[in-house]
A.B. asks: 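Once you've had a glance at the structure underneath, I'll fire off some questions.
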Amino acid sequence: MSQDDETFSTIDFAALPKHFDSKAAEEKWDAAWQERGIYHYDPSRPREETFVVDTPPPTVSGALHVGHLFSYTHTDVLVRQRRMRGQNIFYPMGWDDNGLPTERRVQNYFHVRCEPHVPYEPDLALEPASAKKRKKERPRVVSRRNFIELCQQVTQEDEQAFMALWRRLGLSVDWRQEYATIDERSRHLAQLSFLDLFDKGHLYSNEAPTMWDVDFQTAVAQAEVEDRPKKGAFHDIRFGVKGSERSFVISTTRPELLPACVGVTAHPDDERYQDLFGQQAITPLFHAPVPIFPSELADKEKGTGILMVCTFGDQTDVTWWREQNLALRQVIGRDGRLVPVTFGEGVWESEKPELANRCYAELAGKRVGGARQAIVELLRDPEGRAAGDDAPLQGEPEPTDQAVKHYEKGDRPLEFITTRQWFVRLMDQKDALLERGAQIQWHPGFMHQRYQIWTENLGLDWCISRQRYFGVPLPVWYPTDADGVPDYERPIVAASGALPVDPMSDPPPGFEEGQRDQPNGFTGDPDVFDTWFTSSLTPEIGSHWWLDEARHARLFPADIRPQSHEIIRTWAFYTIAKAHLHEDTIPWKHVVISGWVVDPQRKKISKSKGNVKGSPPELLDSYSADGVRYWAAGARLGTDTAFDEKVFKIGKRLVTKLYNAGKFVLSQQAPRAPISNELDRAFVAKLAELTREASAAFDEFEFAKAMMATEQFFWASFTDTFLELTKARARGDFGGPADQGSAVAALRLGLNVLLRLFAPVLPYITEEVWSWVFAEETGQPSIHAAPWPTEADFADVTAPDDPGSFELAVEALATINKAKSDAGVSVGRVTEHLVLGANAATKDRLAPVWEDVAGAARCQDEHLEANDGLEDGAFEVREARFAEKPEKK
RNA sequence: GGGCGGGUAGCUCAGUCGGUAGAGCAACGGCCUUACAAGCCGUGGGUCGCAGGUUCGAGCCCUGUCCCGCCCACCA
């Protein structure tokens, strides 16, 4: 590098490698950025200068896929632009290692099973289990605390790998702000959240029918439920009426629930059944008398219009059961099998207990599917009838398509099973939560509706307890009476100073460990939280809510929550609910929703569908981090994007072009001079316009628009045109030192500004080129700490005399190039003689930039002629003679 | 069943206030040109899903409709 006051400082062109080594640059610059701490959050700066990101913690249970690269790049692009605008960035990274996927992995990896009731082993040291061991030996039983420690051990390796990938992708995360959803602080805050909600009266526990997964054997929340299409069949079954010859036919898709029938209902206006209301129906096979009542919820058009109410077939059954105060006959057990019961005893009323028990013996112990087959056979036998002469089953089952509720991670339909669970009251907060949603800005705006619809349709309080082992324990114990029976109505909640606690290994306040599960002692609640109970605190985990009030005040509410749209009903919704219930506020100002990466068939790319194309490391190797980021940044928020390798290639090409253009511009030697030439000033005016456009787009979170405008300008207005037009003058082929200096100054300003406009999307190549000259010249060692371009960058350059002179020069050169193309000669061929026509006005306007056009066309003898037949701004080559192809050396 | 988003060149996508349809890639033709052949110059390519309506004028606004994707819905 040479430098003095008289000339521009330049690079030695020949000293730079011919090709840009992106992988080496990624290693070099990542290390430099970490070392300089340019991503560090500065707690001393005020809140209004700070931009707080509530980063989604990726699940640490598998590998990251291309969808992660996509959406995390979006956030990073926004963050980098804000950083250049001078904001103090808080950009943490969390790891979601809390939940079922990790639980499964740890079980497999160490060949262990968690059992909350066994004691903690402080010195437990396990090795990964061999395949042989997994096959031959029974899994080792460990305490919940040990299980959590094993999890942390397993996830640590993955977290290292994830971090390496994120850093290579160029995410400008402050790694000092790392957290995991199972780490001590997250457990602490999740339990604090429980305590606070408990104190405020937003929590309750009760024993009630809850959606239950029979495989995982846990309660699940409404948000974790999805409908799946399933083939079912209507079974028409004849019921009797007590003390009457009357009968009626109900239609059901779940005949196996017949023993659980506790009522019959029809619409109050249904004339077919009005005479039955108030009477008792008799079920076939089990001959249980059940009340017949009217209900607006019954649909006259569905089935036969009259239906059986069971405990429990669906949510409506639960409603009827509550409203009508019906009996509870729970036939399906927690494992999904029909439990043994005896008809004629207790709630299991029957007018023919002997027949009922004989029939039920065919069902007991079977799963739902088996029981259904068995009961259909029983129903074909006239012996079980409750009315009429024929068999209870009327005709053959009629196939139908149904939508059946499933746990999103489960395989079998959910059942409603009565268990004791903890709930957060949300049904009384719906209006308030809708109002909170309206206070947040959603990008794109229509995503707000997803939130609204979900909130409006919310039908249940939030069930937060899970009968799993790995997770954050509920900080609750129950006192036991003299018989050792727990009193669930008087829960003992942990003291806030003692958190985090594990009630299965820690005693509650005021008790000794020796009193555990003893009469007049206590028992620990073995359940853990729904993972969303912790995940919904990510803004508070980042801000250290309650643990550091001053920090919390500076970081909460956050500015942006980036996330994908399928978890609006879970992550976004619960986070809003928590901030509302805890602090009576919104958790963030903006929600930024990325779309999905889809395959050419428009299906979401996911590992389970097997349509994942390239692994992230492969993509980064093939196309460089900048190339991958280019692809991601080209997608608007909320819009799905096709996985298209062509786009990665274009990104890589752009990186190469920036490298080459940078080398060229920064190796031009010339006397220092202000930007004075007409063409240069016209170019700068366009550059200023681009800057305004890109800045405005970023203000609206529209990074794709900003990048595409910059890219368009870079090729069409910089490398292909301005650079070609000024090349000869920059070399000093004509004009004086002022003209030459003006050209080089404008080229450098153009490069400098374009690098900064590209920097949020292409952090590596822009930093590389920036480092050659601009870092020292501007005193900004990193482009990522340099200011985002503004009007101030162009303040010293006076406006062009003719704002259209740049376009005229481009058009004139294009006209000459076309003549060369038509003549089959390269644009580099010397033009020995040229007569260019334009109308008089256009000719006069072109005059100030004509030398540059002629220089770019390599003219030796050029003439401009008036030709009033042409339109304004149009040119015509009237005479041209090109040099012979030079001899090859 | 309700709602949201999309449908524009072979492909991926822009399209501002309603004012003569754009870019890149691909294709085709030419070019080794003192930054770059990982490049450059040029050429062709459209019933804007379909049908109506409003308007002097519609890719854009209104109505209907088809297709794709997604979200939601009490599954008798």
Side-chain angles (χ1 to χ4, degrees), chain A residues 13 16 18-20 226-230 232 234-235 250-254 257 264-266 297-299 302-310 313-320 400-405 413-414 444 446-454 456-457 459 565-566 568-569 595-596 598 600-604 631 634-636 638-642 644 646-647 649-650 652-653 655-668 704-705 708-709 711-712 715-716 719-720 723-724 727 731 813-814 816-830 858 885-886 888:
Chain A
F13 185 89
L16 283 167
K18 187 160 170 58
H19 299 307
F20 175 53
E226 62 187 29
D227 284 345
R228 293 186 200 160
K230 240 195 140 178
F234 282 114
H235 299 70
I250 63 103
S251 197
T252 181
T253 55
R254 299 206 59 183
L257 289 178
V264 167
T265 188
L297 295 175
D299 184 343
K302 269 192 181 173
T304 56
I306 190 163
L307 66 139
M308 66 171 180
V309 179
C310 305
D314 60 24
Q315 186 66 46
T316 326
D317 280 347
V318 176
T319 306
W320 282 317
T400 176
D401 292 314
Q402 358 171 233
V404 182
K405 285 192 190 306
L414 289 171
F446 63 80
M447 288 296 178
H448 181 207
Q449 288 180 52
R450 298 268 177 106
Y451 174 83
Q452 275 184 303
I453 290 169
W454 173 256
E456 283 164 5
N457 288 326
H565 46 77
E566 81 274 18
I568 288 174
R569 70 175 185 174
W596 285 343
V598 295
Q601 280 73 48
R602 296 273 128 190
K603 297 287 178 202
K604 184 189 179 188
W631 161 75
R636 288 178 302 161
T639 307
D640 294 348
T641 291
D644 185 352
K646 281 187 298 188
V647 182
K649 284 186 188 147
I650 296 164
K652 197 178 174 186
R653 209 174 59 115
V655 169
T656 302
K657 193 72 170 179
L658 273 162
Y659 183 73
N660 288 322
K663 280 206 295 188
F664 172 75
V665 168
L666 294 175
S667 59
Q668 297 303 300
K705 194 173 173 182
M708 286 193 269
E711 183 192 16
Q712 177 71 24
W715 292 93
T719 62
D720 290 349
L723 210 142
E724 295 299 334
K727 213 180 245 178
R731 235 178 359 236
L813 181 60
I816 300 165
N817 281 342
K818 180 159 165 49
K820 284 183 173 175
S821 187
D822 290 346
V825 305
S826 77
V827 293
R829 195 75 65 83
V830 167
R858 309 201 181 185
K885 191 172 178 177
K888 243 185 178 174

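Every chain is numbered from 1 and lettered A, B, ... according to where its sequence line falls, protein lines coming before strand lines.
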A.B. asks: Hunt down the Watson-Crick or G-U wobble partner of B:C48, both distances under 3.5 Å, from any strand shown, or write none.
C.D. replies: none

A.B. asks: Classify the nucleic acid contact of A:Ala716 as base, sugar-phosphate or nothing, counting any heavy atom under 4.0 Å across all strands shown.
C.D. replies: nothing

A.B. asks: Indicate, with a heavy-atom threshold strictly under 4.0 Å, whether A:Asp644 touches base, sugar-phosphate, or nothing.
C.D. replies: sugar-phosphate

A.B. asks: If you assign A:Ala403 and A:Thr641 each to the RNA chain B nucleotide with the nearest heavy atom, which residue ends up on the more 5' nucleotide?
C.D. replies: A:Thr641

A.B. asks: Nearest of B:U33, B:C72, B:C13 to any side-chain atom of A:Asn457?
C.D. replies: B:C72

A.B. asks: Taking all non-hydrogen atoms of both residues into account, name the closest pair between A:Ala642 and A:Trp631 and its distance.
C.D. replies: O-NE1, 3.6 Å

A.B. asks: Go ahead and name the base partner of B:C70; Watson-Crick or wobble counts if both distances stay under 3.5 Å, otherwise write none.
C.D. replies: B:G3

A.B. asks: With a 4.0 Å cut-off on heavy atoms, is A:Ile250 in touch with a base, just the backbone sugar-phosphate, or nothing at all?
C.D. replies: nothing

A.B. asks: Do A:Lys820 and B:C41 share a donor-acceptor pair, side chain to base, under 3.5 Å?
C.D. replies: no

A.B. asks: Need to verify one output field. Residue with the more 5' nearest nucleotide on RNA chain B, A:Met708 or A:Ala814?
C.D. replies: A:Met708

A.B. asks: Reckon A:Tyr659 touches a base, only the sugar-phosphate, or nothing at all at heavy-atom distances under 4.0 Å?
C.D. replies: nothing

A.B. asks: Need one value for A:Arg829: base, sugar-phosphate or nothing, where a base atom within 4.0 Å counts as base even if backbone is also close, heavy atoms only.
C.D. replies: nothing

A.B. asks: Should A:Arg636 be listed as having a side-chain N or O under 4.0 Å from OP1 or OP2 of B:A14?
C.D. replies: yes

A.B. asks: Any chance you could measure A:Ile568, atom CD1, to A:Gln452, atom CD, to the nearest 0.5 Å?
C.D. replies: 11.0 Å

A.B. asks: At under 4.0 Å between heavy atoms, what does A:Asp317 touch on the DNA or RNA strands: base, sugar-phosphate, or nothing?
C.D. replies: nothing

A.B. asks: Please classify the nucleic acid contact of A:Arg254 as base, sugar-phosphate, or nothing, using heavy-atom distances under 4.0 Å.
C.D. replies: nothing

A.B. asks: Using a 4.0 Å heavy-atom cut-off, does A:Glu724 contact any base of the nucleic acid, only the sugar-phosphate backbone, or nothing at all?
C.D. replies: base

A.B. asks: Which part of the nucleic acid does A:Thr719 contact within heavy-atom distance under 4.0 Å: base, sugar-phosphate only, or nothing?
C.D. replies: base

A.B. asks: For the side chain of A:Gln402, counting heavy atoms from C-beta on, which of B:A35, B:A73, B:C75 is nearest?
C.D. replies: B:C75

A.B. asks: Using purine N1 to pyrimidine N3 plus N6-O4 or O6-N4 for Watson-Crick, or N1-O2 and O6-N3 for G-U wobble, each under 3.5 Å, what pairs with B:C25?
C.D. replies: B:G10

A.B. asks: So which nucleotide from B:C40, B:U12, B:U33 ends up closest to the side chain of A:Ser826?
C.D. replies: B:U33

A.B. asks: Nearest to the side chain of A:Lys18, heavy atoms from C-beta on, is which of B:C36, B:G3, B:U34?
C.D. replies: B:C36

A.B. asks: Side chain of A:Lys657: nearest nucleotide among B:C4, B:C36, B:C11?
C.D. replies: B:C36

A.B. asks: Using a heavy-atom cut-off of under 4.0 Å over every strand shown, decide if A:Lys818 touches base, sugar-phosphate, or nothing.
C.D. replies: sugar-phosphate

A.B. asks: Between NE2 of A:His235 and OG1 of A:Thr400, what distance do you get to the nearest 0.5 Å?
C.D. replies: 11.5 Å

A.B. asks: Which part of the nucleic acid, if any, lies within contact of A:Lys705, taking any heavy atom under 4.0 Å across all strands shown: a base, the sugar-phosphate backbone alone, or nothing?
C.D. replies: nothing

A.B. asks: From the list B:U12, B:C75, B:U33, which nucleotide is the closest neighbour of the side chain of A:Thr253?
C.D. replies: B:C75

A.B. asks: Counting only Watson-Crick or G-U wobble pairs whose two distances fall under 3.5 Å, which nucleotide matches B:C40?
C.D. replies: B:G30

A.B. asks: Is A:Gly824 touching bases, backbone alone, or none of the nucleic acid, heavy atoms closer than 4.0 Å?
C.D. replies: sugar-phosphate

A.B. asks: Check every strand shown and say whether A:Thr656 touches a base, only sugar-phosphate, or nothing at a heavy-atom separation below 4.0 Å.
C.D. replies: base

A.B. asks: Look at all strands and tell whether A:Leu297 reaches a base, only sugar-phosphate, or nothing, counting heavy atoms closer than 4.0 Å.
C.D. replies: nothing

A.B. asks: If you only use heavy atoms from C-beta on, which nucleotide in B:A23, B:C36, B:A73 is closest to the side chain of A:Asp227?
C.D. replies: B:A73

A.B. asks: Expressed in whole Å, how much space separates the C1' atoms belonging to B:C56 and B:A23?
C.D. replies: 31 Å

A.B. asks: Could you grab the distance from atom CZ of A:Arg858 to atom NZ of A:Lys727, nearest 0.5 Å is fine?
C.D. replies: 6.5 Å

